[in-house]
Amino acid sequence: MRNLYRFLSSRKSWTLPYLIFAFFFVVLPLFLIVYFAFTDESGQLSLVNFRKFMAHPEAINTFIYSIGIAIINTVLCILLGYPAAFILSRLKSGYAQTIVMLFILPMWMNILIRTLATVALFDFFSLPLGEGALIFGMTYNFLPFMIYPIYNTLQKMDQSYIEAAQDLGANSFQVFWKTIFPLSLPGIASGIVMVFMPTISTFAIAELLTMNNIKLFGTTIQENINNSMWNYGAALSLIMLFLIGATTLLTDEKKENEEGGGLW
């Protein structure tokens with residue numbers, strides 16, 4: 001009893017609520033995904049779910065198509081988000097924070113509300129819903145997640161590097177390409193992680209903006225889970241987790257290389 005009281009009165013006890021939360025909402029769900037993925041309907045250890053995925057052309061095509069949509073969305077977010085973040089980071093007026101808040105404000109709204117607003121916008125202009133609407137909706141929904149990390153990196157950038165480049169005779173383009181852009185790559189890498197993977201795994205945006213005519217990989221997972229095909233759905237989810245882990249590791253290694261020699 002005394003040891004329990006001593007533990008509860010120590011700082012280590014502050015981590016107990018987080019440990020309980022992590023166990024029930026992180027560790028246990030991951031364990032269940034792995035368990036169902038590597039077992040069949042009778043509960044026996046098996047790789048039948050992964051063989052089913054490899055032997056199912058429609059699922060593979062959906063997976064490849066989802067990666068393609070994610071690449072297009074990520075590239076568009078970079079092309080639109082980087083100039084916006086760069087301009088915002090250079091604002092000196094007293095309204096700079098307000099303008100930044102207007103860009104970040106959509107992140108505070110539910111993604112379904114933003115998607116329904118996009119559907120209403122297309123209906124208002126009598127535009128067809130389909131692949132174009134899907135890409136537009138993806139870019140609209142995930143653009144703030146690209147702008148903010150890039151803006152945050154540019155905002156914290158040491159201005160002495162820029163001044164040194166200018167003192168060495170570099171013009172505006174050279175300053176940007178050889179100094180600013182390499183130093184902002186960690187922000188771009190963070191934005192890619194925040195945009196690329198959610199694009200593949202989402203299903204509500206594709207259902208609403210294409211009238212359920214275009215399926216992404218997240219839609220396939222959702223349909224299998226809803227049809228009580230837990231084992232196959234868990235295997236697809238595990239494939240998604242492997243892809244997320246690989247992407248995260250690659251971006252982390254890229255960040256380390258850039259931080260170590262971004263100016264060279």
Side-chain angles (χ1 to χ4, degrees), residues 1-39 43 45 49 70 74 77 85 97 100-116 141-153 155-156 186-205 216-226 228-256 259:
M1 189 67 180
R2 182 179 299 176
N3 292 334
L4 179 62
Y5 175 78
R6 184 179 300 173
F7 172 76
L8 294 177
S9 60
S10 64
R11 291 186 177 181
K12 293 181 179 180
S13 64
W14 297 357
T15 62
L16 188 60
Y18 302 100
L19 293 175
I20 295 175
F21 179 87
F23 175 78
F24 283 103
F25 295 100
V26 179
V27 177
L28 185 59
L30 287 176
F31 172 79
L32 292 176
I33 289 175
V34 173
Y35 171 76
F36 281 110
F38 287 97
T39 56
L45 290 176
N49 301 305
T74 303
C77 286
Q97 294 298 326
V100 172
M101 186 62 64
L102 291 176
F103 274 90
I104 306 302
L105 190 62
M107 297 174 61
W108 297 357
M109 300 174 62
N110 187 278
I111 192 171
L112 291 177
I113 297 177
R114 300 199 300 269
T115 304
L116 290 173
N141 277 289
F142 293 108
L143 183 59
F145 295 94
M146 181 66 71
I147 292 177
Y148 185 73
I150 298 177
Y151 166 78
N152 193 39
T153 303
Q155 187 72 13
K156 296 179 179 179
I188 297 177
S190 299
I192 290 174
V193 174
M194 296 175 67
V195 171
F196 183 79
M197 293 314 306
T199 301
I200 298 178
S201 59
T202 187
F203 60 90
I205 298 177
L216 298 182
F217 199 62
T219 307
T220 304
I221 297 174
Q222 182 245 358
E223 289 178 348
N224 282 278
I225 297 298
N226 287 345
S228 299
M229 300 176 65
W230 293 92
N231 302 90
Y232 186 52
L236 297 179
S237 301
L238 193 59
I239 293 173
M240 179 66 64
L241 288 175
F242 282 140
L243 183 60
I244 293 174
T247 305
T248 304
L249 289 176
L250 289 175
T251 53
D252 286 344
E253 292 179 359
K254 192 174 181 180
K255 282 182 184 179
E256 292 178 359
E259 291 172 357

Could you tell me which residues satisfy side chain to side chain contact (heavy atoms under 4.5 Å, CB included) with [X], sequence neighbours excluded, listed by chain and number?
X	result
Asn224	Thr220, Met229, Tyr232, Leu236
Thr39	Tyr35, Leu45, Asn231
Leu238	Ile33, Val34, Ala37, Phe38, Phe50, Leu241, Phe242

Testing the basics here: between [X] and [Y], what is the closest heavy-atom pair and its distance to 0.1 Å?
X	Y	result
Ala85	Ile147	CB-O, 3.7 Å
Ile205	Ile111	CD1-CD1, 3.6 Å
Ile188	Met146	O-SD, 4.3 Å
Met194	Phe142	O-CD2, 4.3 Å
Pro149	Pro144	CD-O, 4.4 Å

Roughly how far, to the nearest 0.5 Å, is [atom2] of [Y] from [atom1] of [X]?
X	Y	atom1	atom2	value
Asn226	Thr219	CG	OG1	10.5 Å
Asn141	Asn110	CG	CG	9.5 Å
Ile225	Ser237	CD1	OG	5.5 Å
Ile239	Ile200	CD1	CD1	12.0 Å

message = Quick check: do Asn49 and Trp230 have side-chain heavy atoms less than 4.5 Å from each other?
response =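 They are not in side-chain contact.
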query = Who are the ring-ring contact (aromatic ring centres under 6.0 Å, His included) partners of Phe217, not counting sequence neighbours?
reply =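 Listed in chain order: Phe63.
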ask   = Of all residues at least two apart in sequence or in a different chain, which pass the ring-ring contact (aromatic ring centres under 6.0 Å, His included) check with Phe145?
value =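 Partners of Phe145 by the ring-ring contact (aromatic ring centres under 6.0 Å, His included) criterion come out as none, since no residue qualifies.
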Taking only distance into account, with no hydrogens and no angle test, what donor-acceptor pairs under 3.5 Å do side-chain atoms of residues 17-32 form with protein atoms, sequence neighbours excluded?
none

query = Sub-3.5 Å donor-acceptor pair from the side chain of Thr202 to the main-chain atoms of Pro198, do we have one?
reply =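 No, the answer is negative, given that no donor and acceptor are paired below the 3.5 Å cut-off.
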